[in-house]
S.K.: 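Okay, handing you the structure first.
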Amino acid sequence: MKLLRATFLSIRGLPDMTCDFSRSPDVARDVVVVTGPPSSGKTRFLEALIAAKEVIAAYGAPLASEPWIRPGDDAAKIELTFQLDDDELRRLGG
């Protein structure tokens, strides 16, 4: 499983944005490097990806949503689009 795209809406500490990790519409890159100056949101970006993954398949207790919602907003959303290989598709019945 590889991440193709991630969209962040109303996430505390991040601008609303869509990040495209693909090299073509349905093919993900093998490696993605997250860079930026201090306090630019790199850590929050990675934490948000992990939080979204935990909602899909949690390793532990459910995450509280309140710390993720941008002040002044009622809700937040992270949308992830994955590329699955043939074996992953077979295991999921696709």
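Values below: all heavy atoms of this structure, side chains included; hydrogens, waters and symmetry mates excluded.
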S.K.: Looking at E79 and K77, is there a salt bridge between them, counting it only when a charged N and a carboxylate O are closer than 4.0 Å?
M.R.: yes
S.K.: Are the side chains of L4 and S22 in contact, using a 4.5 Å heavy-atom criterion?
M.R.: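 A side-chain contact under 4.5 Å exists here.
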S.K.: Less than 4.5 Å apart, any side-chain heavy atom of L80 and any of L49?
M.R.: yes
S.K.: May I ask you to test the F45-C19 pair for a side-chain heavy-atom distance under 4.5 Å?
M.R.: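 Heavy-atom side-chain distance check passes, below 4.5 Å.
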S.K.: Is the closest basic N to carboxylate O distance between D73 and R12 below 4.0 Å?
M.R.: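 Looking at R12 together with D73, the answer is no, because their closest N to O distance does not fall below 4.0 Å.
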S.K.: Got a salt bridge between R70 and D16, using NZ or NE/NH1/NH2 to carboxylate O under 4.0 Å?
M.R.: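 Here R70 pairs with D16 in a salt bridge, since their nearest N and O are under 4.0 Å apart.
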S.K.: To check you understand the geometry: which heavy-atom pair defines the closest contact between A48 and I11, and what is its length?
M.R.: CB-CG2, 4.5 Å
S.K.: Do the non-hydrogen side-chain atoms of K2 and D30 ever get within less than 4.5 Å of each other?
M.R.: yes
S.K.: Hey, any chance V32 and I50 share a hydrophobic cluster, counting ILVMFWY side chains that come within less than 4.5 Å of each other, even indirectly?
M.R.: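 Hydrophobic grouping puts V32 apart from I50.
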S.K.: On a heavy-atom basis, which atom in P67 and which in A64 lie closest, and how many Å separate them?
M.R.: CD-O, 3.4 Å
S.K.: If you define the side chain from C-beta out and look only at heavy atoms, does anything of L46 sit under 4.5 Å from V34?
M.R.: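 Yes, at least one pair of side-chain atoms sits under 4.5 Å.
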S.K.: Could you tell me if the side chain of D85 sits less than 4.5 Å from the side chain of E88, heavy atoms only?
M.R.: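 SC-SC contact between E88 and D85 confirmed.
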S.K.: If I compare all heavy atoms of L14 with all of G41, which pair ends up nearest, and what's the gap?
M.R.: CD2-O, 3.6 Å
S.K.: Locate the shortest heavy-atom distance separating A76 from S10; write the atom from each residue and the value.
M.R.: CB-O, 3.3 Å
S.K.: Output the distance between atom CZ (F8) and atom OG1 (T18), rounded to the nearest 0.5 Å.
M.R.: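 Here the rounded value is 9.0 Å.
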S.K.: Looking at every non-hydrogen atom in both residues, tell me the closest pair between T35 and K42 and how far apart they are.
M.R.: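 T35 and K42 have their closest heavy atoms at C-CD, 3.6 Å.
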S.K.: Any chance you could measure S39, atom OG, to R44, atom CZ, to the nearest 0.5 Å?
M.R.: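 Here the interatomic distance stands at 13.5 Å.
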S.K.: In a table with atom names and distances, give each donor-acceptor pair under 3.5 Å that connects a side chain of residues 52-63 to protein atoms at least two apart or in another chain.
M.R.:
unit_1: K53; atom_1: NZ; unit_2: A57; atom_2: O; d: 2.4
unit_1: E54; atom_1: OE1; unit_2: Y59; atom_2: N; d: 3.0

S.K.: Check whether any side-chain heavy atom of L84 sits under 4.5 Å from a side-chain heavy atom of L92, and report yes or no.
M.R.: yes
